Amino acid sequence: MSSQAPNEARVIELRPSQGARPAASPPAHRPPREPLWRDLVGDVLRRERLAQERTLKDVADEARISMPYLSEVERGRKEASSEVLAAAAHALGLGLGDLLSRAQGELVRVAGHHRPERSRTTSAAPHNGLCLAA
């Protein structure tokens with residue numbers, strides 16, 4: 001049986017004491033992460049809105065979505081539904097396909113910088129890498 005009193009908590013240190021720090025190891029080399037889809041779509045929405053010199057409030061009101069939510073979508077903090085993306089795109093005079101096509105072009109451009117080179121043994125697909133499933 002334990003020598004501890006029944007109502008006392010046992011403390012287990014998760015970190016070593018200040019004096020017993022392990023030697024720092026060099027950081028492991030990590031390849032840069034590919035951009036997230038929500039970041040790319042948000043960037044396209046923001047660039048288009050700014051190019052039209054429109055305010056966040058104006059576009060949000062026309063799209064019938066809240067201004068804070070549209071701001072979160074533009075900053076890549078929210079994964080918006082296709083309905084929200086379509087509403088925001090239409091408020092900017094774009095179709096959903098236009099928005100997604102621009103985001104896909106951005107993905108190809110940005111991902112090309114992050115991808116290690118490898119030999120291409122297959123022919124390029126006519127859709128240029130974009131595949132959306134319902």
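What you see is a predicted model, and the numbers here were worked out from it, not measured in a lab.
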Practice prompt. Would you please name every residue forming a salt bridge (charged side-chain N to carboxylate O under 4.0 Å, His left out) with Asp61, sequence neighbours left out?
Written response: Lys57
Return the set of residues passing side chain to side chain contact (heavy atoms under 4.5 Å, CB included) with [X] (not counting sequence neighbours), or none when no residue passes.
{"X": "Ala103", "result": "Trp37, Leu40, Val41, Val44"}
{"X": "Arg75", "result": "Arg46, Ser71, Glu72, Arg77"}
{"X": "Asp43", "result": "Arg47"}

Fill in: CG on Leu100 to CG on Leu94, rounded to 0.5 Å
10.5 Å
Fill in: Atom pair CG/CZ of Leu92 and Arg49 - distance to nearest 0.5 Å
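Leu92 atom CG to Arg49 atom CZ measures 8.5 Å (nearest 0.5 Å).
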Worksheet item: Mind checking what makes side-chain hydrogen bond (donor to acceptor under 3.5 Å, both in side chains) contact with Gln52, not counting sequence neighbours?
Response: Glu48, Arg54
Worksheet entry | Where at least one partner belongs to residues 86-95, residue pairs that pass salt bridge (charged side-chain N to carboxylate O under 4.0 Å, His left out), sequence neighbours excluded |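 For residues 86-95, and leaving out neighbouring residues, there are no salt bridge (charged side-chain N to carboxylate O under 4.0 Å, His left out) pairs at all.
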Which side-chain N or O atoms in residues 78-90 pair as donor and acceptor under 3.5 Å with protein atoms at least two apart or in another chain?
from, atom 1, to, atom 2, distance (Å)
Ser81, OG, Glu83, N, 3.4
Ser81, OG, Val84, N, 3.2
His90, ND1, Ala86, O, 3.1

